[in-house]
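The chain is numbered in sequence order, starting from 1. We use all heavy atoms of the structure for the numbers below, so side chains are in, but hydrogens, waters and symmetry mates are not.
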Amino acid sequence: MKLIIDDGNIENIKEIYEYFEVDGVTTNPSILAKQGKNPKNVLKEIREFIKDDELHIQVLSNKASDIEKEARIIVKEFGENTFIKIPSNKEGFKAMRNLVKEGINVTATAIYSPMQAFLAMKAGAKYVAPYVNRIDNLGYDGLYTVKKIQNIIDTNGFDTEILAASFKNSNQALSLIEYGIGALTCSADVIRKFVDDRNVDKAVDDFAKDFEKLDNIKKTMIDYLS
Ligand SMILES: O=P(O)(O)OC[C@H]1O[C@](O)(CO)[C@@H](O)[C@@H]1O
């Protein structure tokens, strides 16, 4: 199962890469706009840092032919392991089908229902990205929706994987990790909260204090073993 960073801030991305085993970066227009810089430079910096890992970039056009043009230019600029995020609506499905035929990696995004995901799978998308928290906010069940999509993949033998998105807490993520899907994308903030260091630090501190009672000069096992 892949873990992807849903962020456009290079410092956040560097920090998460330093400490955790992650598989790439997703962005969307809102994330890029938040950086307040030319999106090309933001994405270039991310691509240079993550090397050949997955980078997901969303198109802004609405018509299929324009989406296709935009997608080709994005792939040319940011390389092969770039996934073109395309909204899962009628124009989007049309563009997906054509781009997949050209060998372009497609991530079908803005998924709120299993039927959208099914149509994206039929169009050949590599990933479908259901919005867990946004579905919850509508009064539906985001986790149930993702599980239903995974069942569609399994029972029909589609090659598409789920890239579950829009998480606000660890519990939402954990349910899907336990269920087993293709990938999760979470902001640096949500990933940081996967582990609450304060409890761990307290436990580690207590061990060190107990050990010091043995001899307050010798601090680590190296002092005893060398
Ligand atoms: O509800 P949010 O946190 O804006 O999430 C929407 C999500 O969809 C995506 O666009 C799908 O990849 C992510 O970049 C983003 O996390």
Side-chain angles (χ1 to χ4, degrees), residues 1-28 30-37 39 41-57 78-83 107 127 129-134 136 142-143 146-147 150 161-226:
M1 178 173 194
K2 288 180 182 160
L3 176 61
I4 299 188
I5 312 173
D6 193 32
D7 223 298
N9 179 297
I10 191 70
E11 295 314 319
N12 283 345
I13 293 168
K14 285 182 178 168
E15 180 205 322
I16 300 296
Y17 259 81
E18 181 181 352
Y19 293 103
F20 306 114
E21 185 60 33
V22 286
D23 304 281
V25 172
T26 54
T27 61
N28 64 30
S30 309
I31 288 174
L32 291 178
K34 216 164 108 187
Q35 309 315 311
K37 297 191 251 178
N41 297 338
V42 173
L43 290 164
K44 266 182 89 175
E45 208 175 1
I46 296 174
R47 172 49 87 209
E48 269 164 34
F49 177 73
I50 69 171
K51 306 209 168 64
D52 289 332
D53 285 353
E54 290 182 12
L55 176 60
H56 297 244
I57 304 173
F78 297 103
E80 263 183 31
N81 211 14
T82 300
F83 286 70
T107 297
Y127 285 114
Y131 286 2
V132 175
N133 199 63
R134 292 196 195 192
D136 282 353
L143 296 176
V146 176
K147 289 173 185 174
Q150 187 61 52
E161 289 190 302
I162 295 180
L163 168 66
S166 179
F167 290 97
K168 289 294 164 273
N169 60 59
S170 299
N171 205 33
Q172 290 169 328
L174 195 55
S175 298
L176 295 179
I177 293 167
E178 187 189 6
Y179 195 75
I181 58 164
L184 293 179
T185 185
C186 302
S187 68
D189 270 352
V190 170
I191 295 176
R192 283 186 199 108
K193 286 183 198 138
F194 280 1
V195 55
D196 181 351
D197 278 345
R198 288 165 306 174
N199 286 324
V200 182
D201 291 348
K202 165 88 174 65
V204 173
D205 241 36
D206 289 346
F207 288 134
K209 278 184 196 137
D210 286 342
F211 200 70
E212 265 176 37
K213 288 177 197 154
L214 204 57
D215 176 337
N216 65 3
I217 307 290
K218 294 188 168 118
K219 298 270 187 227
T220 70
M221 288 301 283
I222 300 173
D223 301 324
Y224 283 96
L225 302 178
S226 50

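Taking every heavy atom of both residues into account, D136 and G142 meet most closely at OD1-N, 2.7 Å. The two residues S175 and L143 come nearest to each other via the heavy atoms OG-CD1, 3.6 Å. The heavy-atom pair separating I181 from L184 by the smallest distance is CD1-CD2, 4.0 Å. Summarising the geometry of H56 relative to I4, their closest heavy-atom pair is NE2-CD1, 4.1 Å, with the distance given to 0.1 Å. The nearest pair of heavy atoms linking I162 to V146 is CD1-O, 3.4 Å. When every heavy atom of A164 is checked against every heavy atom of L176, the shortest pair comes out as CB-CD1, 3.8 Å.
Under the side chain to side chain contact (heavy atoms under 4.5 Å, CB included) criterion, N81 pairs with R47, E54, F83, N105, not counting sequence neighbours. Partners of T220 according to the side chain to side chain contact (heavy atoms under 4.5 Å, CB included) rule, which considers only residues two or more places apart in sequence or in another chain, are I222, D223. In this structure, D197 has no side-chain hydrogen bond (donor to acceptor under 3.5 Å, both in side chains) partners at least two apart in sequence or on a different chain. In this structure, the salt bridge (Lys or Arg N to Asp or Glu O under 4.0 Å) partners of K219, at least two apart in sequence or on a different chain, are E212. Considering only residues two or more places apart in sequence or on other chains, N41 meets the side-chain hydrogen bond (donor to acceptor under 3.5 Å, both in side chains) condition with none of them. A search for side-chain hydrogen bond (donor to acceptor under 3.5 Å, both in side chains) contacts involving K213 returns D210, not counting sequence neighbours. Take K202 and apply the side-chain hydrogen bond (donor to acceptor under 3.5 Å, both in side chains) test, not counting sequence neighbours, and it matches D206. Partners of K34 by side chain to side chain contact (heavy atoms under 4.5 Å, CB included), not counting sequence neighbours: none found. Shown here are the side chain to side chain contact (heavy atoms under 4.5 Å, CB included) partners of D6, two or more places apart in sequence or in another chain: T26, I31, T185.
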Apply side chain to side chain contact (heavy atoms under 4.5 Å, CB included) to N28 and L32, showing your working.
CA-CA 6 Å; N28 64 30; L32 291 178; over 6 Å; no
Criterion side chain to side chain contact (heavy atoms under 4.5 Å, CB included) on L43 and I57, from CA distance to verdict:
CA-CA 9 Å; L43 290 164; I57 304 173; 3.9 Å; yes
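The salt bridge (charged side-chain N to carboxylate O under 4.0 Å, His left out) contacts involving residues 161-189 comprise D189-R192, where partners must be two or more places apart or lie in separate chains. A ring-ring contact (aromatic ring centres under 6.0 Å, His included) check over residues 177-216, counting only residues at least two apart or in different chains, returns the pairs F211-Y224.
Separating the SG atom in C186 from the NZ atom in K193 is a distance of 11.5 Å, to the nearest 0.5 Å. In this structure, NZ on K14 lies 11.0 Å from CD1 on I46, to the nearest 0.5 angstrom. The structure places OG1 of T27 at 10.0 Å from CG of D7, a figure rounded to the nearest 0.5 Å.
Each of I10, I5, V25 was checked for a side chain to side chain contact (heavy atoms under 4.5 Å, CB included) with I50, and the lone residue meeting it is V25.
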Throw together a table of side-chain donor-acceptor distances under 3.5 angstrom for residues 16-24, partners on residues two or more places apart or in other chains.
{"unit_1": "Y17", "atom_1": "OH", "unit_2": "G24", "atom_2": "N", "d": "3.4"}
{"unit_1": "Y17", "atom_1": "OH", "unit_2": "D53", "atom_2": "OD2", "d": "2.7"}
{"unit_1": "D23", "atom_1": "OD2", "unit_2": "L3", "atom_2": "N", "d": "2.8"}

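Of the possible polar contacts, none joining the E45 side chain to the V42 backbone as a donor-acceptor pair under 3.5 Å is found. Using modelled atom types, one side-chain atom of S166 and one backbone atom of R134 make a donor-acceptor pair closer than 3.5 Å.
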